[in-house]
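Worth knowing before you read on, the calculation uses all heavy atoms, side chains too, and leaves out hydrogens, waters and symmetry mates.
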Amino acid sequence: TVLAAPLAAKLMRQVRGGEQLTPRELEVLRLVARGLSNGEIASELFIGEATVKTHLLHVFDKLGVSDRTAAVTTAMQRGILTA
């Protein structure tokens with residue numbers, strides 16, 4: 001079976017347990033876990049809201065999830081975030 005390159009890469013990341021989050025992605029995810037909005041995270045980290053969204057999209061991709069709640073839950077289950 002032939003898979004498109006992006007799909008094959010995503011599948012391989014999931015099989016291998018995903019890629020490691022960068023320090024900034026982890027920082028953004030921690031703030032999401034605290035309940036901050038994208039705008040609040042942007043203010044806290046002195047970055048643009050679009051940059052927060054980009055970091056979150058990378059987190060979602062690396063964790064194999066599609067939303068903020070699933071990202072936090074998955075990260076906690078995998079020991080990436082602690083309570």
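- The nearest pair of heavy atoms linking L3 to L7 is CD2-CD2, 4.0 Å.
- Between N38 and R68 there is a side-chain heavy-atom pair separated by less than 4.5 Å.
- Residues passing the side-chain contact (heavy atoms from CB on, under 4.5 Å) test with A33 are V72, L81, sequence neighbours excluded.
- Across all their heavy atoms, R78 and L63 have their closest contact at NH2-O, 3.3 Å.
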Please report, to 0.1 Å, the donor-acceptor pairs under 3.5 Å made by any side chain of residues 41-59, with sequence neighbours excluded.
unit_1: S43; atom_1: OG; unit_2: G39; atom_2: O; d: 3.3
unit_1: T54; atom_1: OG1; unit_2: A50; atom_2: O; d: 3.0

(request) Could you give me the CA-CA distance, side-chain angles and deciding distance for T73 and V65, then say whether side chain to side chain contact (heavy atoms under 4.5 Å, CB included) is met? (result) CA-CA 10 Å; T73 302; V65 298; over 6 Å; no
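- With sequence neighbours excluded, the residues forming a side chain to side chain donor-acceptor pair (under 3.5 Å) with R24 are E27, listed by chain and number.
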